[in-house]
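We number each residue from 1, following the sequence as shown. Computed from a prediction, not measured in an experiment: that's the story for all the values here.
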Amino acid sequence: MGDLLATVTAHLRAGVSENTPQPLASVPGANCGTGVGTTGDPALPVLSGSATEMILETLHVTTADHVFVDGLLDGSASISMLGGTSLCESIGDDTVATDRVLVDLGSTPSNGTHLLQIQTDQGLLSNELPFVVQ
């Protein structure tokens with residue numbers, strides 16, 4: 001009654017290994033500690049009215065990648081590279097340079113909080129990035 005015991009197994013797709021970079025997405029400034037705002041920590045992207053676009057900082061994302069909203073492929077969404085990078089996060093001796101992208105959802109989801117993910121052609125999914133529609 002309400003208990004579930006599940007075993008899930010998976011394998012990597014052809015052409016994917018432990019060295020294949022996973023796509024990552026964040027709000028601008030999150031890697032520098034400047035993206036803090038009233039909609040979360042870091043600030044969440046907010047779409048108001050009929051807005052469909054949000055600017056993000058990403059790693060390992062291309063214009064050919066796919067956008068998922070709330071776990072479903074958004075076929076009308078697109079990714080555009082804006083140029084420019086953020087160089088403020090340092091991991092060990094390396095500086096991580098994130099790319100600025102514009103994600104256009106094509107249509108505005110219903111009001112509330114949603115989750116965005118980006119999937120590469122190799123099938124790897126990014127972290128879940130919450131965003132708010134108001």
Side-chain angles (χ1 to χ4, degrees):
M1 307 267 16
D3 291 338
L4 171 68
L5 176 62
T7 302
V8 178
T9 59
H11 66 281
L12 294 175
R13 294 177 177 209
V16 175
S17 73
E18 63 275 0
N19 295 321
T20 305
Q22 181 173 354
L24 299 172
S26 67
V27 296
N31 295 325
C32 303
T34 59
V36 177
T38 59
T39 57
D41 183 7
L44 302 179
V46 176
L47 300 179
S48 297
S50 61
T52 62
E53 300 177 341
M54 63 183 92
I55 295 175
L56 302 176
E57 288 184 2
T58 62
L59 282 174
H60 315 298
V61 170
T62 70
T63 58
D65 293 341
H66 311 285
V67 175
F68 282 73
V69 175
D70 297 332
L72 300 173
L73 178 63
D74 185 341
S76 63
S78 64
I79 300 172
S80 304
M81 306 306 283
L82 294 178
T85 58
S86 171
L87 297 172
C88 55
E89 182 176 322
S90 179
I91 298 176
D93 294 331
D94 298 324
T95 299
V96 177
T98 56
D99 297 310
R100 294 179 62 241
V101 303
L102 177 75
V103 175
D104 185 346
L105 299 178
S107 62
T108 307
S110 61
N111 285 356
T113 303
H114 299 274
L115 292 176
L116 178 135
Q117 286 184 287
I118 298 172
Q119 183 183 42
T120 66
D121 282 339
Q122 293 90 5
L124 296 178
L125 282 169
S126 72
N127 55 297
E128 292 178 334
L129 179 65
F131 68 95
V132 177
V133 176
Q134 52 184 351

Taking every heavy atom of P45 against every heavy atom of L56, the minimum-distance pair comes out as CG-CD2, 4.0 Å

Taking the side chain as every heavy atom from C-beta outward, state whether P23 and L124 have any atom pair closer than 4.5 Å.
yes

Can you list the steps and then say if T120 with H60 is a side-chain contact (heavy atoms from CB on, under 4.5 Å)?
CA-CA 8 Å; T120 66; H60 315 298; 5.8 Å; no

Can you name the side-chain contact (heavy atoms from CB on, under 4.5 Å) partners of L24, sequence neighbours left out?
L59, N127

Under 3.5 Å, is there a donor-acceptor pair between the side chain of T52 and the main chain of S107?
no

If I compare all heavy atoms of F131 with all of V69, which pair ends up nearest, and what's the gap?
CZ-CG1, 4.0 Å

Starting from the C-alpha separation in whole Å, work towards a yes-or-no answer on side-chain contact (heavy atoms from CB on, under 4.5 Å) for L116 and M54.
CA-CA 11 Å; L116 178 135; M54 63 183 92; 4.2 Å; yes

Which of these, V103, V67, D104, T63, sits in a side-chain contact (heavy atoms from CB on, under 4.5 Å) with S78?
D104

The side-chain contact (heavy atoms from CB on, under 4.5 Å) partners of Q22 (sequence neighbours excluded) come to none

Donor-acceptor check, side chain of E57 to backbone of P28, threshold 3.5 angstrom: yes or no?
no

Once rounded to the nearest 0.5 Å, what's the spacing between atom CG of D65 and atom CD of Q117?
12.5 Å

Specify the closest pair of heavy atoms between D121 and A64, including all atoms of both residues, with the distance to one decimal.
OD1-O, 3.7 Å

Between L73 and F68, does a side-chain contact (heavy atoms from CB on, under 4.5 Å) hold up when you go through it step by step?
CA-CA 4 Å; L73 178 63; F68 282 73; 3.9 Å; yes

Given side-chain contact (heavy atoms from CB on, under 4.5 Å), test L105 with L47 step by step and report yes or no.
CA-CA 10 Å; L105 299 178; L47 300 179; 3.8 Å; yes

Inter-residue atom distance D74.CG - I118.CD1, 0.5 Å rounding
11.5 Å

Heavy-atom closest contact (E128 atom, P130 atom, distance):
O-CD, 3.6 Å

Connecting only ILVMFWY residues whose side-chain heavy atoms lie within less than 4.5 Å of each other, what is the rest of L82's hydrophobic cluster?
I55, L102

